[in-house]
Every structure is written in structure tokens, then in C-alpha cells.
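Both backbone and side-chain heavy atoms feed into the values below; hydrogens, waters and symmetry mates do not. Quantities reported herein were computed from a predicted structural model and do not represent experimental measurements.
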Protein chains: 2
Amino acid sequence: MKIAVDAMGGDFAPEAIVEGVVMAASELPSNVSIVLIGRQSVVEPLLLKQGGNHAGQIELVDASEVIDMGEHPTKALSQKPNSSIGVGFKLLKEKAVDAFCSAGNTGAMHVGALFSIKSIEGVLRPCIAGFVPQITGGHAVMLDIGANADCKPEMLAQFGEIGSLYAQYTFGIDRPRVALMNIGSEEQKGSLIAQAAHQLLKDNNRINFIGNMEGNEFFAGKADVIVADGFTGNALFKLGESFYTMASKRNISDEFLDKTNYESVGGSPILGVNGNVIIAHGVSSPLAIKNMVGLAIRQVEANAYVKIAQAMS
Amino acid sequence: MKIAVDAMGGDFAPEAIVEGVVMAASELPSNVSIVLIGRQSVVEPLLLKQGGNHAGQIELVDASEVIDMGEHPTKALSQKPNSSIGVGFKLLKEKAVDAFCSAGNTGAMHVGALFSIKSIEGVLRPCIAGFVPQITGGHAVMLDIGANADCKPEMLAQFGEIGSLYAQYTFGIDRPRVALMNIGSEEQKGSLIAQAAHQLLKDNNRINFIGNMEGNEFFAGKADVIVADGFTGNALFKLGESFYTMASKRNISDEFLDKTNYESVGGSPILGVNGNVIIAHGVSSPLAIKNMVGLAIRQVEANAYVKIAQAMS
């Protein structure tokens, strides 16, 4: 298994990325290797400084260009085919690697996935899934957390199904509980879109829909899959993450709050595309990068995107 | 000044309400009295048990009916004119009281306000404002937190202006900083509605619009007024409140987290109507009711709704 990592993406790239990859490599199963993509002249010395390539488990692939955080995704991808993101998707499309991870330009990662490995047939719109730690243990998968600010009811309903399949195969949860983020528990509550999505989710007998949930139940262990439009989902996810930031600034230490630290999972998969694509926070630390690699391995083993494609066909 | 309180509304009514009102009465300025509305046969003994009417500062008004939490707002209001909510709005409309507060049926409070004192002329849709404690001190006013699940850009833009006037007059903030809740800092980010609202807010020179804010900045002290549609606002507000609930369950004690306790403010005003109407959590404790009375006094003194009406005309 080969996990490709963009060495050049993220606010602290390439240093933090290389350090995280080296951390990950020290614990890699023997059948896994990491393909680090970036400017060889920059990345190679960093890798040597960090202790080298760990029994050949880190492979370097040169990419002469870099897509910056602020660049326009589509324009940047077409103008910089040799960027680390461009090369990563080329390798993923050719199946030379099994997953591609980056803490770089999120838009470019999303567009790159759509242009290279493409949406799964039948998927209306790919989305980004976030992991929300639950007070009862484990994580809920929330989708969408930002790819689609405007959602139709049919998209929300499909997020429920995609999330359910992802939770089932990646987390091994039997009949995942799917809930719709809303502003009341009754089915007639909420925006017109949420009301319509509720009915579609309720009518879908391929999922275990448990009804609406509310903002105060975000961490409560009520659901395994949280369905939200990308606007609400993004705002909630970021507020949820800020809990850890705030607590740590105030010297509050707590086992559960530590799990709300973005570093503990390290990445968010793009779901609904024909491959494993994981994006990470721009601010990603080495620990976050290490954990993102761990998530990528889990996804490759679970083969969730193939299961999603089979279910959608 | 007379503050009317619905004795029958809330999960722990009438006990918790009467207890809260008695707590408030012990600290009331001499020019303020509380008008407690409810079934006299039930409320009077409770009031006596709690220590009586505090030098005549608590006045009892009989209301023979009660609107339950689950009742349909419009139907309940028309069928139960002698309910505590019905009587409260009658007194408010006649200006026999200066404010009306209830922890009862939120929908009935909203509809009651629209039918009795009515929307301010020029206001597209009244909304509910929530107070979000800020790490830098004080509170931001977030609106809407749930009255309007579906919002047009023009409504969001007006929430910005209403919130700005409220913060200015009630909190004494000069040129309140108004921010739009969104999923990115750039003005072209977000849903189509958020993008359009951004432009309207930017073009309004009566407010100090500082641009977009994101979920992780909810408590950060970035803005005095947070503009959101009632769907996003409700979900965020409830998630924000859950921080305190979760922290207290985990025995985490922290000065700032304590401020995220809903009890510390106790109520949310309905803004954009011709009077002071405050609604509270169904679970309101005596302390929450006491603080809601405090908020009502502050609003009456500030006369914010009149200032809003003047600005809108």
C-alpha cells in the first residue's frame, strides 16, 4: 500500500509535513510506504535531517511547482500540472498510489479530485467529511463540512447514505445511526430544505435514520453520521474544534476535550469520489500529518470508496 | 417600570418561575415592579411560600389558561385568550407593562408578539437574538437564533442593522462591529445567500461591518454583532451553550466557560417588534429567570426598540 503525501501543502510546509511523515514512518506496517511529493531539492535535505527514509518506507517524488494556499483552484491546477497537488492526483488516477493526502489548498484538492479520479457515478456532489468526537466514545462522521455551501434536499439525503457506508466500512459500525442536523426534533421543523431532506432520509430504507438532532447534541453520542449542508456543517465543525483551542489556552486539561483537537484525527476525507483523498488543516502540525497518514491507511484497508460506488450503481 | 413574567411557562413552571421572580425582587430598584401572570390559585400560595410579594414589588395577575409547550402557537393563542401568554401580550399592547418575559412556548411568544404589538414598520422579519459570551469580555449579540430558518439576503442585512442598534443602545457600544457568519473570510465565500448578504452589509454605511467570521471565532471577541440565518444561528448557539453543559458534567470549572451557561443571561429578546419581549429556555432555573428580569430592565431603560423603530422609519 502506498500513501501519497503533499510535502508542500500547509502553513508550516514543508518542515511540518516531512516531520509528520517521518513520525508516521516509524510506526508503519511493513506493507505500507509513503510517497512524499514535493520539490526534491527542498524536501530531500529535510528528510535527511529528520533521519532519512526509514528502511525505504518513504519514497520521494519530485514536483517542481507549488500551488499556494490563496490560489484559484481551477486556474492553479491547469497552470501548474507539475505542482505537488497535480502530481499527487496523477499518481492517484494511475493507481500508482492508494491514497493522496494534503494540508494544502483545499479548493485545489477538491477540484483536483473531481478532474482526475472524478465523482462516483450517481453521486450528485462529493463532500468533505469531518470526524466529531463523541462523549460516549469514538467519532461521528459529519458531512458535508464545507464543500457545498448550497445543498438541495437530494444532496443531503445522499450525504446520509454515503456517510452511513463510510462509517460502516471504515469504523466497522453495524447499521450506523444517521441524524439530520436541524433546529428542532420534530420532522416539520427547520428550513424548507431540511424538512424535505428529512422525508427523503426517512424514506431511504438502506440507512438507519434516527431523525433530527440539534446543535447541543453535537458531541452527545446520539448519532454515528451527522448530515448537514456544507454551510452549517462547516460553521459547527469549526466551533466544535475551537473548544479544544479555547480550553488549552485556558490550561484546561480533559481527556474528552483533548479529542476535540483537530490533530487527533488529522484529516478529512473527500467522499463520493473514486479514490481516497484526504485533506488537512492548513495549520497542520507534524502530529496531525502523522494521524492523517493513519486515517489514510485505515481508508485504504476499508476500501470504503469502492463500497460506496457499488451501493450507488 | 413594570416587567411582566409568565408564571406558567417553562418545564419547571410555576415553581422555578416564582422562585426566580422572588430572587429578582430582592434586588429590584425601587422604581421597578414585577407583574407575575398565571393561575392565581396556584401562583399565590407559591409566592407566599417563597416569602411573599417583597414590599409590593410583585403584583399578581390572574390568567385562567395555560398554553402548553407542545401546542400549535397560532391555534393556542386564539383558543386561549386568557392564557398567561395571551394576557401578557394584552398588557404589553396596552402599555400596562414595559416588558413581557416567558420561558414557555417559544412559537406562541413569537406569534403573540407579531399579533399584538406587531413588527416595527420596515422590518422584514422579526428575529430572536442570543447573547454569546466573548473571551475578551462582554457578549456579542447573535441574530437570528431560530425564528427564521429560511432567510433572504435582505433579512440578514437587516439583522445586522437591528443588532447594531440593539448593541449600541442596550450595551452602550459605540459603533458595534458587525460580522457575517460564513465559511471563509473572503467576501466571495459561502452560500449564495451569504455572498449576497455580505454585499448588502458592506454597502450599508449605517453600520460598522467588519466582514465575515467563521465558526471558530464564535467566542473570540471579533465582533459585537454576529449575523446568521436562523438555521445556522440556532445550531451554533445550541452547540456553544453545550460547552458549559459538557464542561460541568466533566467537573471542569472555568470562569469563561461558566459564562457560556445559559443561566448567566437568562433570556433572548425578540427584536424587530414594537416592544420588549424576552423568551427563555424551557429548562429555565430560578437563576435564569432572575437574570431574564435583569435583562428586561436593561432593555426598558435602553429603549432599544424605539431606537430601532426610529432608524427603520
Side-chain angles (χ1 to χ4, degrees), chain A residues 70 72 106-107 132 135 144-151 181-184 186 188-195 212-220 226 228-247 249-257 260 262 281 283, chain B residues 70 72 106-107 132 135 144-151 181-186 188-195 212-220 226 228-247 249-257 260 262 281:
Chain A
H72 187 279
T106 304
V132 182
I135 200 100
D144 179 21
I145 63 161
N148 307 285
D150 292 294
C151 285
M181 183 53 70
N182 206 330
I183 63 171
E186 305 89 343
Q188 74 281 12
K189 280 286 170 79
S191 62
L192 296 174
I193 286 171
Q195 289 175 47
N212 294 340
M213 62 180 283
E214 300 182 65
N216 53 312
E217 296 169 317
F218 191 70
F219 294 118
I226 304 172
D229 64 86
F231 192 89
T232 312
N234 183 279
L236 286 172
F237 194 73
K238 284 176 178 164
L239 174 54
E241 282 188 339
S242 77
F243 202 176
Y244 172 78
T245 319
M246 200 165 69
K249 271 189 193 156
R250 299 184 68 76
N251 296 314
I252 298 170
S253 176
D254 175 78
E255 195 191 345
F256 177 71
L257 287 187
T260 67
Y262 82 95
H281 252 288
V283 299
Chain B
H72 186 277
T106 303
V132 182
I135 200 100
D144 178 22
I145 63 161
N148 307 285
D150 291 293
C151 286
M181 182 55 69
N182 206 329
I183 62 171
S185 54
E186 305 88 344
Q188 75 279 14
K189 280 285 171 79
S191 61
L192 296 172
I193 286 170
Q195 288 176 46
N212 294 339
M213 63 181 282
E214 299 181 66
N216 53 312
E217 296 170 318
F218 192 70
F219 293 119
I226 303 173
D229 64 85
F231 191 89
T232 312
N234 184 279
L236 285 172
F237 194 72
K238 285 176 178 164
L239 174 54
E241 281 188 340
S242 78
F243 281 17
Y244 172 78
T245 319
M246 203 163 65
K249 271 190 193 155
R250 299 186 67 79
N251 296 313
I252 297 170
S253 175
D254 175 79
E255 196 190 344
F256 178 72
L257 285 182
T260 67
Y262 82 95
H281 252 288

Sequence neighbours excluded, which residues qualify as ring-ring contact (aromatic ring centres under 6.0 Å, His included) partners of B:Phe219?
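Per chain and number, B:Phe219 pairs via ring-ring contact (aromatic ring centres under 6.0 Å, His included) with B:Phe243, B:Phe256.
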Part of [X] lying under 4.5 Å from any heavy atom of chain B:
{"X": "A:Ala194", "value": "side chain"}
{"X": "A:Ile183", "value": "both"}
{"X": "A:Asn182", "value": "both"}
{"X": "A:Met213", "value": "neither"}

Kindly say whether [Y] contributes a backbone atom to a donor-acceptor pair with the side chain of [X] at under 3.5 angstrom?
{"X": "B:Asn212", "Y": "B:Gly184", "answer": "yes"}
{"X": "A:Asn234", "Y": "A:Ile145", "answer": "yes"}
{"X": "A:Tyr262", "Y": "A:Val283", "answer": "yes"}
{"X": "B:Thr232", "Y": "B:Asp229", "answer": "no"}

Hey, what do you get for NZ (A:Lys238) to CG (B:Leu239), rounding to the nearest 0.5 Å?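 It is 14.0 Å, given to the nearest 0.5 Å.
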- Message: Show the nearest heavy-atom pair for residues B:Gly215 and B:Met181, with the distance to one decimal.
- Response: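 Shortest heavy-atom contact: N-SD, 3.8 Å.
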Counting heavy-atom pairs closer than 4.5 Å to chain A, which one of [options] comes out on top?
{"options": "B:Glu186, B:Lys249, B:Glu241, B:Arg250", "answer": "B:Arg250"}
{"options": "B:Asn251, B:Ile193, B:Leu192", "answer": "B:Leu192"}
{"options": "B:Phe231, B:Phe237, B:Phe218", "answer": "B:Phe231"}
{"options": "B:Gly240, B:Ala228, B:Ala149, B:Cys151", "answer": "B:Ala149"}

request  = Specify which of A:Asn148, A:Leu236, A:Ile135, A:Thr245 makes the most heavy-atom pairs with chain B at under 4.5 Å.
outcome  =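 Heavy-atom pair counts peak at A:Leu236.
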*Go through A:Asn216, A:Leu257, A:Ile252 and name the one with the most non-hydrogen pairs under 4.5 angstrom from chain B.*
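So the answer, after comparing A:Asn216, A:Leu257, A:Ile252, is A:Asn216.
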